[in-house]
2 protein chains.
Amino acid sequence: MNLSQLAKELNLSISSVSKALRDSHEISSATKKMVMAKAKELNYQVNPFASNLRKQKSKTIALVVPEVANDFFGPVISGMESVAQQKGYHVLIYLTHEDMQKEISIIKLLQNGRVDGIMMSLSAQTTNTGHLEELKEMPLVFFDRVADHIDVPKITTDDFNSGFMATDHLIKNGCKRIAFMCISQNLSICKKRMNGYLEALKKNKIERENSLIIPCIGDHEENKDSIRKLLKRKNRPDGIFASVEKLAIATYEICEELKLKIPQDVKVICFSNAQTVALLNPSLTTITQPAYEMGEKAATILFKLIENKRDPFLLENTILDSKLIARDSTKSKRKKNQNVL
Amino acid sequence: MNLSQLAKELNLSISSVSKALRDSHEISSATKKMVMAKAKELNYQVNPFASNLRKQKSKTIALVVPEVANDFFGPVISGMESVAQQKGYHVLIYLTHEDMQKEISIIKLLQNGRVDGIMMSLSAQTTNTGHLEELKEMPLVFFDRVADHIDVPKITTDDFNSGFMATDHLIKNGCKRIAFMCISQNLSICKKRMNGYLEALKKNKIERENSLIIPCIGDHEENKDSIRKLLKRKNRPDGIFASVEKLAIATYEICEELKLKIPQDVKVICFSNAQTVALLNPSLTTITQPAYEMGEKAATILFKLIENKRDPFLLENTILDSKLIARDSTKSKRKKNQNVL
DNA sequence: GTGAAAGCGCTAACAC
DNA sequence: GTGTTAGCGCTTTCAC
């Protein structure tokens, strides 16, 4: 069923039908009604490709993320999709699996007009952003894992401050030697969290110790190895600040293996959005990001960008607040635990 | 940059260039080489809409899921996307948010040729599948939450057997009064799990008690209310079989609130793919589905269906095995715990 | 081996 | 208020 058949059924011209369907003011309301009714009856739907081709836009956006089997990106996607659905946009999803080459080829794929805009979070292995700088005309929004030097809207949480808060919380609960574990050397988000960590050490007059900054960029077993080595050192840390949930899980596993007690022997804090953290043994102190809201916000800004590329106001970064939720994994002996700091 | 500009640059006709780019045997290898080189140089990419319009297919599939903030659908998506990427397909993602009306309008949206096929898992509130039965010509694959009576390929785990195993495991560990909690009255997956539960009761000569079959179809707080009421009964159950993770979490929360000990007072088993279940307090006995593989399988079958609609062999259902992983939440006093049943 | 031309289904400028 | 028509960029049949 296409326009021409529909027009024939109605004894109207194709263009009149087309206009009627799009509620053009050129068409009398009587014919509009007629056309709408017939279209419904015959279950007519516009052909998106013909329409996209003609209009040179697609009503489709791309979402490019490192992975989705994860408690952060899940709600982000949910937030984005809600906004897109409401705006009548379609969402194409692409996973980089943390691989820069995949990221590059996905971005290449998106340069032919298939989408009107892109929302993305960088892969942990992306060392070089030439592929993104080439996206000159394409509306682009970064969220969470951003490329700082690319001048597009960015939706993040305050990672420096979160890093600071987390570290300060460990120190306040008695930690003297705190390890920082991150999943990438490249991501600005990791650098910022680390800078917050370093700043908190400095403020508390604790000397930085490079051997306590542990890159965990491998698979789960490799990361566990790194953590095992760390916790077997004579001079092992008494606090661990993990930048992602899977590293906290690995830490719990190694502590069990080495018979180290959390929080007595080691305290643990971690970025996480998992629902189960409060039920862990012991319950895990977390910094929780407003994932759903980040998704909503990123999509909202992207649509503004698509609809009005020239609004310089849009280029301002959006920084949302994360929450530190203190639980048992960082509890000190002397001090009663607070619930939300 | 389009075909006609590229052709001009090369002093060739549009059609020759088009053929050369698609490696047609009509074109000499010399010109092919030339064309390819120039296309690369000028970064030519085919316009997908023109191409789709002309070829009447889209190289795009739709994924329709209830939600994504969840440890099951995350890996499923990951599996699907891997296969799609490899086959050069694009994936549109749509969330029904468990709402039948949304599901219906999404499915309507997909009937205009935008996608070549659909993979879907039903919303919990879908009571009626007319919208899906209308998809006559559209390749369709169900996974996990399937509509039994619609004759398309289905990828599931053995839900009856899983329900049986879970219940039998509770009984073997000493439970006499087992509650079954599910998220929907409509989903066949819930019915099958329940039938497995009932069969295990029967086999063990335990009488069915309808007041122990608890629909948990509300939000988290409503579900907690139902569970609270259940566990406050004089004659409270000594075992709980939850069909999704969030219900087990709710159960843990209520047990803590009511000072009931797991597994001493109540044993808990649950379907879950979360990474954290082993670290819960106590560690949670789960039935774990092969989520990533289900995604891969569903996508693989959908592509076969798209490429060859007439292969009756494809209509066979695929049933993958779930694993029962026994942990502390179902441990009996007398009996040493097994690890994988 | 190469090119001309029709047409996928739609939109929008223009004519009446 | 309605109709005619020229493309959007591509693929493919057919002619040479």
Side-chain angles (χ1 to χ4, degrees), chain A residues 1-40 42-60 88 90 109-116 137, chain B residues 1-40 42-60 88 90 109-116 137:
Chain A
M1 175 53 40
N2 60 24
L3 263 193
S4 112
Q5 293 169 49
L6 185 60
K8 206 167 281 167
E9 290 279 340
L10 285 157
N11 275 321
L12 279 169
S13 74
I14 292 178
S15 67
S16 297
V17 176
S18 170
K19 286 171 190 164
L21 287 172
R22 265 157 320 98
D23 202 25
S24 158
H25 55 90
E26 294 178 72
I27 303 291
S28 75
S29 58
T31 31
K32 271 187 203 167
K33 222 171 264 175
M34 219 177 68
V35 171
M36 302 284 198
K38 201 72 177 175
K40 193 156 198 178
L42 300 179
N43 194 26
Y44 168 80
Q45 309 213 51
V46 292
N47 178 309
F49 304 124
S51 170
N52 292 346
L53 176 59
R54 184 59 232 252
K55 295 201 288 196
Q56 302 284 41
K57 47 188 175 141
S58 65
K59 278 274 191 176
T60 303
H90 301 261
L109 217 58
L110 296 176
Q111 293 185 336
N112 57 11
R114 184 181 296 276
V115 297
D116 298 341
E137 292 303 306
Chain B
M1 176 54 39
N2 61 24
L3 261 194
S4 113
Q5 292 168 51
L6 185 58
K8 207 166 280 167
E9 288 280 340
L10 286 157
N11 276 320
L12 279 171
S13 74
I14 292 179
S15 65
S16 296
V17 175
S18 171
K19 285 172 190 164
L21 287 171
R22 263 154 325 91
D23 202 24
S24 157
H25 54 88
E26 294 179 73
I27 302 294
S28 75
S29 59
T31 30
K32 270 184 202 168
K33 225 173 259 175
M34 218 176 66
V35 171
M36 301 286 197
K38 200 74 178 173
K40 195 157 197 179
L42 300 179
N43 194 26
Y44 168 81
Q45 308 214 53
V46 291
N47 179 310
F49 304 123
S51 171
N52 291 347
L53 175 59
R54 182 58 232 254
K55 295 201 288 198
Q56 303 284 41
K57 48 187 173 139
S58 66
K59 277 272 190 179
T60 303
H90 301 260
L109 217 58
L110 296 177
Q111 293 184 337
N112 57 11
R114 184 180 294 278
V115 296
D116 298 340
E137 291 304 306

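In the text below, chain A, chain B and the rest are named by the order of the sequence lines, each starting its count at 1. Bear in mind that the values here come from a model prediction, so they are computed numbers and not experimental data.
Considering only heavy atoms from C-beta on, A/Leu42 stays 4.5 Å or farther from A/Gln5 through its side chain. Looking at heavy atoms from C-beta onward, A/Gln111 lies in side-chain contact with B/Asn43 at the 4.5 angstrom threshold. Between A/His90 and B/Thr60, the closest side-chain pair of non-hydrogen atoms is not below 4.5 Å.
Straight-line distance from the CZ atom of B/Arg114 to the P atom of C/dC10: 13 Å, rounded to whole Å. In this entry the distance linking CG of B/Leu21 with P of D/dC10 reads 9 Å, nearest Å. In this structure, A/Lys57 places its NZ atom 14 Å from C1' of C/dC10, rounding to the nearest Å.
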Original post:
A/Asp116 and A/Ser58: side-chain hydrogen bond (donor to acceptor under 3.5 Å, both in side chains), yes or no, with the steps?
Top reply: CA-CA 6 Å; A/Asp116 298 341; A/Ser58 65; 2.9 Å; yes

**OP:** Before giving the answer on side chain to side chain contact (heavy atoms under 4.5 Å, CB included), spell out for A/Val35 and A/Ile27 the whole-Å C-alpha distance, their side-chain angles and the decisive distance to 0.1 Å.
**Re:** CA-CA 10 Å; A/Val35 171; A/Ile27 303 291; over 6 Å; no

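Not counting sequence neighbours, the partners of B/Ser13 by the side-chain hydrogen bond (donor to acceptor under 3.5 Å, both in side chains) test are B/Ser15, B/Ser16.
Residue A/Arg22 places none of its side-chain N or O atoms closer than 4.0 Å to OP1 or OP2 of C/dC10.
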Distances under 3.5 Å only, N/O to N/O: pair up the protein atoms with those of nucleotides 2-5 of chain C.
residue	atom	partner	partner atom	Å
C/dT2	OP2	B/Ser28	N	3.3
C/dT2	OP2	B/Thr31	OG1	3.0
C/dT2	O4	B/Glu26	OE1	3.1
C/dG3	OP2	B/Ser13	N	2.9
C/dG3	OP2	B/Ser13	OG	3.3
C/dG3	OP2	B/Ser16	OG	2.9
C/dG3	N7	B/Ser15	OG	3.1
C/dG3	O6	B/Lys19	NZ	2.3
C/dA4	N6	B/Ser15	OG	3.1

Quick test: give all pairs of protein nitrogen or oxygen and nucleotides 6-9 of chain C nitrogen or oxygen below 3.5 Å, distance rounded to 0.1 Å.
residue	atom	partner	partner atom	Å
C/dG7	N2	B/Arg54	NH1	3.4
C/dC8	O3'	B/Gln56	NE2	3.1
C/dG9	OP1	B/Gln56	NE2	3.2
C/dG9	N2	A/Ala50	O	3.3

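The number of heavy-atom neighbours closer than 6.0 Å to NZ of A/Lys38, taken from other residues, nucleotides and ligands shown, is above 12. Within a 6.0 Å sphere centred on NZ of B/Lys57, other residues, nucleotides and ligands contribute 12 heavy atoms or fewer.
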